[in-house]
Amino acid sequence: LGLQSVSAASGGDAAAFVRRLVAEATTPELDPVELAATSGGRWSEAELQGALETLAEEGRLELIEKVICPECDRPLDPDDLASRRCPHCDADFRETGEGPKTRTAFRAPGGSRDIEWMVVVHGMNTRGPWQEELSWRLSNKFAYSAPVLIYKYGEVRVGALFGFRHRALVKTLGRRVRSAVYFAQSFGRGPTADVVLHSFGTLLFARLLDDPEFQDLRFGRVILAGSIVRPDHDWARHVRSGRVEAILNHCGGRDSTVKLAPLAIPGSGPSGRQGFSDPEVLNIRAADYDHSTFFEARGLAENLALAGCWDRFLRLPANAFRSETMDVGAAAQWRPPPPIVQKLLLPVSVAVLGVYGLLVGLGVPAWIESLSRRPFMRP
Ligand SMILES: [Zn+2]
């Protein structure tokens, strides 16, 4: 019954059918021959085989060898092998003289992990429909029932230029996360949240992990998008100590904002473009993304769709990604600009962010945005 409802909801496409089966963890094992029979001839073995192989290439499935009867091709268990008789067609292998055959099938590696709840920390000036879109995609689209804490620290512009403001924002973030942990536990959730971070939020989170006041806080999978943390940042110690399960640094191949960050923001760097040299971090490049693509409708749709980058990172064993990581030679070479550069540029940075703040106060960016606004499209 389960397979039929999945089949009916998949609209004629074998690839969509098997993706749904994997996402919903309906069956532990996916055998193209059995699926073809179950689907009532709707899809051929070859179609299903091809769709499953594609998922295996994406790291969502691993291959297994099933032992089958040489007469009727149905599966044999170890008892059947010991008795040398097929329970389905009664073939006696001692009589036929044929040994059992094998057939390739598929299964999800190590199963799929659960998302308990999630913390989202955004960038400096990101407000608006993406928050709703993200929550909606997490809660409905993929049957994630995880509650989402979206940490709002208000508009930070000139404050981003000063280390003392960073420290204050880190303390506020840490206390909010800690109270969210208590809240989640009171509703029977585990203490470990997965985390999605954007831009200035990546820097605050890196500081939070390093802050001794918040050593009690532990996290699951961490997604960095448009990161402005230094490319030589030491994440590995937090992974090794178990405070963080795994880190995905999603880089935008066209992100030029992160290249400017170290000229203005203390302790920052262009890791959202160059990646991290730390071997514990999975650095993945989205070639045509700029700084904001990740949180636009397109970015959220692509990354949280089934088999999308974030969807897979949140669900699958982290080692499923090793083959897709990018070259981080530039991150290993990176050196911070001399401190004098930030000091000399400070009046310019203050002026730029100050004028921007003034325009926001006058409603100018919102007005410009309204000229080009398109509603979010939901498939
Ligand atoms: Zn048989």
Side-chain angles (χ1 to χ4, degrees), residues 1-115 141-145 305-309 311-324 379:
L1 188 73
L3 283 187
Q4 277 164 1
S5 63
V6 170
S7 155
S10 300
D13 184 344
F17 172 59
V18 297
R19 274 177 202 279
R20 256 177 192 271
L21 287 180
V22 172
E24 293 172 10
T26 316
T27 58
E29 179 192 291
L30 297 154
D31 179 335
V33 176
E34 286 174 14
L35 288 177
T38 318
S39 77
R42 190 167 173 167
W43 297 293
S44 70
E45 285 175 26
E47 278 178 294
L48 291 160
Q49 174 93 27
L52 290 165
E53 277 169 2
T54 303
L55 288 182
E57 280 158 20
E58 290 172 6
R60 289 178 65 86
L61 294 175
E62 59 189 24
L63 304 181
I64 51 171
E65 289 298 319
K66 285 177 73 164
V67 181
I68 57 168
C69 169
E71 301 293 321
C72 70
D73 283 354
R74 279 181 280 194
L76 300 173
D77 65 27
D79 284 348
D80 307 328
L81 290 175
S83 64
R84 310 207 66 184
R85 180 176 285 275
C86 173
H88 311 289
C89 70
D90 242 6
D92 185 332
F93 305 137
R94 275 167 300 206
E95 268 173 37
T96 62
E98 268 192 286
K101 296 193 297 186
T102 59
R103 170 166 91 213
T104 302
F106 303 80
R107 75 167 170 229
S112 183
R113 61 188 284 283
D114 288 332
I115 299 165
K141 180 76 173 158
F142 314 109
Y144 297 163
S145 59
L306 285 181
C309 185
D311 174 63
R312 292 163 58 214
F313 177 70
L314 292 171
R315 285 172 175 282
L316 299 179
N319 59 16
F321 275 81
R322 284 289 168 197
S323 63
E324 294 164 47

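Counting starts at 1 for both ligands and their atoms, following the listed order. Computed from a predicted structure; not experimentally measured. Atom set for the values below is all heavy atoms of this structure, side chains included, hydrogens, waters and symmetry mates excluded. Numbers here are sequence positions counted from 1.
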Is it true that R60 and D311 have a side-chain N and a carboxylate O under 4.0 angstrom from each other?
-> yes
Find the distance between CG (L48) and CG (L30) and round it off to the nearest 0.5 Å.
-> 9.5 Å
Can you list the residues that meet the side chain to side chain contact (heavy atoms under 4.5 Å, CB included) rule with D90, with sequence neighbours excluded?
-> R85
Please report how many protein N/O/S atoms lie under 2.8 Å from the Zn ion (ligand 1).
-> 4
Flag the pair E34 / K66 as yes when at least one side-chain heavy-atom distance between them is below 4.5 Å, and no otherwise.
-> yes
Pair D73 + R103: basic N to acidic O under 4.0 Å = no
Using a strict cut-off of less than 4.0 Å between a Lys/Arg side-chain nitrogen and an Asp/Glu carboxylate oxygen, indicate whether E58 and R19 qualify as a salt bridge.
-> yes
